[in-house]
*Asks:* 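Okay, handing you the structure first.
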Protein chains: 2
Amino acid sequence: MSQHRPGGPNGRAGGVPALPDLPEATVARLPEYLRALHNLAEAGNDTVSSEELAGAAGVNSAKLRKDLSHLGSYGTRGVGYDVALLIDQIEFTLGLTQRRGVALVGVGNLGHALAGYAGFASRGFRIAALFDADPARVGELINGLHVRHISDLADVAVAESIAIGVIATPAASAQDVADALVAAGVTSILNFAPCVLSVPDGVDVRKVDLAVELQILSFHEHRKSSLTALPGGLGGGPAGLVSAAEPEEAVGT
Amino acid sequence: MSQHRPGGPNGRAGGVPALPDLPEATVARLPEYLRALHNLAEAGNDTVSSEELAGAAGVNSAKLRKDLSHLGSYGTRGVGYDVALLIDQIEFTLGLTQRRGVALVGVGNLGHALAGYAGFASRGFRIAALFDADPARVGELINGLHVRHISDLADVAVAESIAIGVIATPAASAQDVADALVAAGVTSILNFAPCVLSVPDGVDVRKVDLAVELQILSFHEHRKSSLTALPGGLGGGPAGLVSAAEPEEAVGT
DNA sequence: AGGCGCTTGTGAAGTCGTGCACAAATCGCG
DNA sequence: CGCGATTTGTGCACGACTTCACAAGCGCCT
């Protein structure tokens, strides 16, 4: 995360919910609850218990209740939560009451897929513009939008009041793109490039690295197979047997 | 997220624990260190200090040292870490000394991009087979592999000893695919479908939901704009007390 | 009306992760 | 050979998150 404001005791009068300074872990789970709630609503459920909802979202019910309690008390004891009300509450908290415009930079392999990803549109986002540095790609029509050159970024971002940018370029150009986004007024960045971005304070960056996820799984595979293969424990250290594995297939991206 | 062994009171009967049972948070950072190390190696660095490496990986140097200390002592005081040695160590720990085969199910929008994603190959994985349920897609050639029907999954998975599966199908079919993967002997699943999978114990699932990341960013956007719009508290409540932003590294979790 | 079963909301305890601060270890050099 | 500069490895305190366990609240049934 980029920054977190430890706010003071939040006390607001009136019916409008305050901005309750949620734990980051809670924020990360709210979208999951929201998805589960939409499913439930579609299935015709009016209310839902914490146990049910927790099951649908894949978490512990106590955790779910505590998470929701941070938003305020929107459940009824003995009954459960009103599905529609809770959806509204979470959407408000996540700032999804307005459809946010997103700028996507880099329409290569991954960018192409992201541009066409229906999940963005269905969950409150609108891909407002596509950019690429490659002039050969400029003009290409993807999913109803045509690709613009990255030099137009500032103009478009301002015109469409875009606050979120997605970087789907190679790592080498990611920092430049991030700088350009920041200069254009973007204050939240989702980075798919495998590199660390440095941005000014006040700008949030989240990173998604697809290969990292596989590597984490690989670790668990490795551990599982070691456990079954060597129940006793393998001696010494894992020091020796590494070197002669693969022909070092460069890292270049 | 992944499943943990319930294990209870640590079922290990005496003896030295073979694999040091790393904290999950550490495991999640190792791939990042590995990437940074490969960059350094390519740049010709022989050794690196924790401070440098931490910078390149976007973390605190104390955290990095603690993480690495869990793997054993592979640094030299006063000097730093041997880049090549550390790469070997981390790759061993992550189980990347063998190139792991991956089965990708669902070659729609996103699956297509994943099939062509160079980052997998360059970081120790080999997409060994592509599957789809749609007969119209079977046979299609993507990145040198042709798409097979999902009914072949079991045969191929066994033949190629595939332990990792990637689900890039719509949510509606994800659970069926997961069941098929598990039946075919896959014990680790990376799920891009926006739904909760239920799998037997011993199977690890990691979920990546692209829209969720945007929603988390949206939350922070929402909060930022509210803060600037309402600098003070409204009536009644204790106002002020908004401490300044704490600078921190920009690292996604 | 009153009691009963169900479910939320939350104090409190426990677990996990982080970051500081420093001792121990190593190198280079005079 | 010893000293100082440097950097690792880690004990410790702190903070964040999770989980348990239960009181408080709500609706329904008698």
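Predicted model only: the values in this text are computed from it and were never measured. Throughout, protein chains are lettered first and strands after them, A, B, ... in sequence-line order, and every chain is numbered starting at 1.
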*Asks:* Closest to the B:S50 side chain: D:dT8, C:dT10, C:dG19?
*Replies:* D:dT8
*Asks:* With a 3.5 Å cut-off and just heavy-atom distances, do the side chain of B:R77 and the base of D:dT8 make a donor-acceptor pair?
*Replies:*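 Under the 3.5 Å cut-off, the side chain and the base do form a donor-acceptor pair.
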*Asks:* Nearest-Å distance, NE2 (B:H70) to P (C:dT18)?
*Replies:*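 Rounded to the whole Å, the gap is 9 Å.
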*Asks:* For A:A211 versus B:Y117, what's the shortest heavy-atom pair and its separation?
*Replies:* N-CE2, 4.4 Å
*Asks:* What nucleotide, of C:dC20, D:dT8, D:dC22, holds the atom closest to the side chain of A:R65?
*Replies:* D:dC22
*Asks:* Identify whether the distance between the nearest side-chain nitrogen and carboxylate oxygen of B:D209 and A:R123 falls below 4.0 Å.
*Replies:*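 A salt bridge is present here (some side-chain N lies under 4.0 Å from a carboxylate O).
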*Asks:* Can you name the closest pair of heavy atoms from A:P31 and B:V212 and give their distance?
*Replies:*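 Shortest heavy-atom separation between A:P31 and B:V212 comes out as CB-CG2, 3.8 Å.
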*Asks:* Taking the nucleotide of DNA chain D with the closest heavy atom to each, which residue, A:T76 or B:G80, is nearer the 5' end?
*Replies:*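 Here B:G80 is the residue nearer the 5' end.
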*Asks:* Whole Å only: how far is the CG atom of A:L68 from the P atom of D:dC17?
*Replies:*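 After rounding, the gap between these two atoms is 16 Å.
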*Asks:* For a quick test of reading the model: is some side-chain N or O of B:R29 closer than 4.0 Å to OP1 or OP2 of C:dT18?
*Replies:*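 Checking B:R29 against C:dT18: at least one side-chain N or O falls below 4.0 Å of OP1 or OP2.
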*Asks:* Taking OP1 and OP2 of C:dT26, is either one under 4.0 Å from a side-chain nitrogen or oxygen of B:Y81?
*Replies:*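 No, outside the criterion.
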*Asks:* Does the side-chain contact (heavy atoms from CB on, under 4.5 Å) test come out yes or no for A:F192 and A:V166, once each step is laid out?
*Replies:* CA-CA 8 Å; A:F192 285 92; A:V166 176; 3.6 Å; yes
*Asks:* Quick one: is B:Y74 getting a side-chain N or O under 4.0 Å of the D:dT7 phosphate, OP1 or OP2?
*Replies:*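 Answer no for this pair, as no side-chain N or O of B:Y74 is under 4.0 Å from OP1 or OP2.
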*Asks:* Over how many whole Å does the gap from B:D67 atom CG to D:dT10 atom C1' extend?
*Replies:*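 In whole Å, D:dT10 C1' and B:D67 CG are 13 Å from each other.
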*Asks:* Please compare A:G78 and A:K63 by the position of their nearest nucleotide in DNA chain D and report the one closer to 5'.
*Replies:*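 This one resolves to A:K63.
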*Asks:* One pair to check against side-chain contact (heavy atoms from CB on, under 4.5 Å): A:V102 and A:F120. What are the steps and the verdict?
*Replies:* CA-CA 9 Å; A:V102 174; A:F120 290 154; over 6 Å; no
*Asks:* Take atom CG of B:L64 and atom C1' of C:dG17, then tell me their distance rounded to the nearest Å.
*Replies:* 15 Å
*Asks:* Checking contacts here: which listed nucleotide (D:dG27, C:dG17, C:dT8) is nearest the side-chain heavy atoms of A:S49?
*Replies:*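 Of the candidates, C:dT8 comes closest.
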*Asks:* Side-chain donor or acceptor of B:K66 under 3.5 Å from a matching atom on the base of D:dG9?
*Replies:*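 Side chain to base: no pair below 3.5 Å.
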